[in-house]
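Proteins get letters first, then strands, A, B, ... in listed order; numbering begins at 1 in each.
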2 protein chains.
Amino acid sequence: MASRTAGKDHTDRAAAPPGTAAAAGGGEAPVPQRLMAAATRLFAERGYDRTSVQEIVEAAGVTKGALYHYFGSKDDLLHEIYGRLLRLQQERLDRVADSGSGVEERVRAAAADVVVTTIENLDDAMIFFRSMHQLSDEKQKQVRAERRRYHERFRALVEEGQRAGVFTDETPADLVVDYHFGSVHHLSSWYRPDGRLTPQQVADHLAGLLMRALRP
Amino acid sequence: MASRTAGKDHTDRAAAPPGTAAAAGGGEAPVPQRLMAAATRLFAERGYDRTSVQEIVEAAGVTKGALYHYFGSKDDLLHEIYGRLLRLQQERLDRVADSGSGVEERVRAAAADVVVTTIENLDDAMIFFRSMHQLSDEKQKQVRAERRRYHERFRALVEEGQRAGVFTDETPADLVVDYHFGSVHHLSSWYRPDGRLTPQQVADHLAGLLMRALRP
DNA sequence: GGCGACATACCGACTGGTTAGTCTGCCGGG
DNA sequence: CCCGGCAGACTAACCAGTCGGTATGTCGCC
C-alpha cells in the first residue's frame, strides 16, 4: 500500500503554471531533492529492481523528463544514495577517531555512533545492504573502496587498543570489525522506530556488547 | 494457478529417478535438483530479479516446460531455497539445544554451528538476506514465522544462561541474538572460501566473541 | 506378447505486459 | 531570442508464464 499521505502530498497541482512556483507555499523542495527522497523511500520499500522510474517520478510529482534531466540513469540515483550515507558515516568516524580520548572510549563512541546514524537513516542503510549488487560494476567498485576506507579506519582503532593491551587480541581485529558491522547491517531487518528502545539505547547496548567482547 | 508441485517435496532426497535417468554417463542429477542448483547459483550471483527463468533453464540444460512442470513459479524456486536452509539450521539448533551439556556449552555450540552451516551454504545465505523481500507476501510470512521459531529457540538458551547467572543480563537476550545473527548474515559479504581462515576457525572466533560479550 | 489407454516428463514457440531510456517540443525568464 | 527545465509520447528490449505437442513408460487385459 503506497502511503501516499493523502492529505499533504500535492503531487499533481494539475494545471498550475510551473513558472509561478513561489505562488503560495514556497515550501516545495527542489526537484532533484524530491526525486532522491522519493527514490529512497521506494527503494527501501520495494527494492531497487521492483521500483520503476515511472513510480519514482510520480511520487516526486514530476515526469521522466525531469529525472533524466538531473540524473544519468536509474543507477545514478542509487549511487547518490550510497554516497550520501558513506560521506556521513565516514565524516563522523573521522571526528570520533581524531578526538583525543583514550582508545577504549574512541572505539566505544565509534561503535555506538555508527549504530545511531544507521538507525537514523534506516532506509538508506537497508538499501545499502540489499541493493549493493544492482549497481553497475564500476560504481560498485567505487562504493566498495569507500567502504573499505571506513572499515580500515575502524580496524586501526581496534588494533591500537589491542597493542595497548586494553583489548584482548584473541580475535583478529578484522574479524572484530566484521562482527560489529554485521550487527549494524542487520539493524534494518529488525529495528522498528516504534519499538521500546530508542536508537541511543540500542547503540549503547550494542557498543556495550562489543566492549565486553574485547575485554582482555 | 494450481501449483503443480502441490504438497510434493522434491528436495535433495535421493529419490529414485523415474526410469531413464542413469543411462550411461551416470553423473547427471535429476532435473528438479539441477534446476535448484542452477537457480541457487544464479540468484546468488546476479540476484533474483536479475535472473531470468530462461537463464535458469539453460544453466540446468532443460527448457521452461521442465521448470514449470516441477515448480509452480519462479517464486517457488526461491521459496524452496529458503526452506532448505531453514530446515537444516533449525534441525541443527534443535539438536544442540536438546543435548545435555551446560548452558554455556550449548550456547557456544549453537553460535558456532550456525556460522559453520552458513559458510557451508554461503549462496543460500546470501540469497536469504538479499532476496527475502522478493518473495510473495504469503511465502514471506511463512518464512518469517519459521525464522522466528529459530530466533526464539536461541533466545531461550541465552535467557536460560542469564537466569542461571552464567551470562550477564546487562543486555536483553533479544538484542544479544540479533547481535550475533547480524554477524552471521554479514558473513556472505566478506567471507571468501579461499581466505586464510577455515569455516571452523571463523566460527570459533565469532562464538568466542559472543561468549566473552556474555561473561558476567 | 501384443494392444490400447492413460500418465509422466519434457519441449519451445507464443502472448500479454512491463520497462529503462530517448526525443521532440513547449514555456517562461533573463 | 535563447536556454535551462521540464513534459509525455514513443521505442526496443525483455520476461514470466502458457499451451499444444511429442516421446517414452506403465498397466490391464485378452
Self-check item: DNA chain D stem ranges, 3 or more consecutive Watson-Crick or G-U pairs under 3.5 angstrom
Solution: C:1-30 with D:1-30
Quiz item: Does anything in residues 107-128 of chain A pair up under ring pair (Phe, Tyr, Trp, His ring centres under 6.0 Å), and if so which pairs, sequence neighbours excluded?
Solution: Tyr82(A)-Phe128(A)
Quiz item: Atom CD of Glu55(B) to atom P of dA16(D): distance rounded to whole Å?
Solution: 8 Å
Exercise. Using whole Å, report how far CD of Gln33(B) lies from P of dA9(C).
Key: 12 Å
Quiz prompt | Worked check of side-chain hydrogen bond (donor to acceptor under 3.5 Å, both in side chains) between Thr51(A) and Glu45(A) | solution = CA-CA 9 Å; Thr51(A) 303; Glu45(A) 214 168 83; over 6 Å; no
Quiz item: Do Ser131(B) and Arg130(A) meet the criterion of a side-chain donor-acceptor pair at a distance under 3.5 Å?
Solution: no
Practice problem: In whole angstrom, give the distance that lies between atom CD1 of Ile56(B) and atom P of dG17(D). | Solution: 10 Å
Exercise. Classify the angle between the aromatic ring planes of Tyr150(A) and Phe181(A) as parallel (below 30°), tilted (30 to 60°) or perpendicular (above 60°).
Key: tilted
Quiz item: Got a sec, which pairs hit side-chain hydrogen bond (donor to acceptor under 3.5 Å, both in side chains) with one end in residues 181-195 of chain B, sequence neighbours left out?
Solution: His185(A)-His186(B)
Quiz item: Quick one: salt bridge (Lys or Arg N to Asp or Glu O under 4.0 Å) pairs with a partner in residues 173-185 of chain B, sequence neighbours left out?
Solution: Arg196(A)-Asp174(B), Arg155(B)-Asp174(B)
Self-check item: side chain to side chain contact (heavy atoms under 4.5 Å, CB included) partner of His180(A), chosen from Val114(A), Leu209(A), Leu214(A)
Solution: Val114(A)
Self-check item: Residue pairs, two or more places apart or on separate chains, that pass side-chain hydrogen bond (donor to acceptor under 3.5 Å, both in side chains) and touch residues 59-69 of chain A
Solution: none
Quiz item: Could you give the CD-to-P distance, from Gln54(B) to dA16(D), as a whole number of Å?
Solution: 9 Å
Quiz prompt | Closest to the Ser52(B) side chain, choosing from dA9(C), dA16(D), dG4(D) | solution = dA16(D)
Practice problem: For Arg50(A) and for Gly72(A), find the nucleotide of DNA chain C with the closest heavy atom, then tell me which residue's nucleotide is more 5'. | Solution: Arg50(A)
Practice problem: State which of dA16(D), dA20(C), dA9(C) makes the closest approach to the side chain of Tyr68(B). | Solution: dA16(D)
Quiz item: Given atom CG of Leu77(A) and atom C1' of dG21(C), what is their separation to the nearest angstrom?
Solution: 14 Å
Practice problem: Round to a whole Å and report the spacing from CZ of Phe71(A) to P of dA20(C). | Solution: 15 Å
Quiz item: Under 3.5 Å, is there a donor-acceptor pair between the Glu138(A) and Gln142(A) side chains?
Solution: no
Quiz item: Over how many whole Å does the gap from Arg46(A) atom CZ to dT19(C) atom C1' extend?
Solution: 14 Å
Self-check item: Interface residues of residues 59-66 of chain B with DNA chain C (non-hydrogen, below 4.0 angstrom)
Solution: Val62(B), Thr63(B), Gly65(B), Ala66(B)
Quiz prompt | For atom CG of Leu67(A) and atom P of dC23(C), their distance in whole Å | solution = 16 Å
Quiz item: Out of dT8(C), dG17(D), dA20(C), which nucleotide sits closest to the side chain of Val53(A)?
Solution: dA20(C)
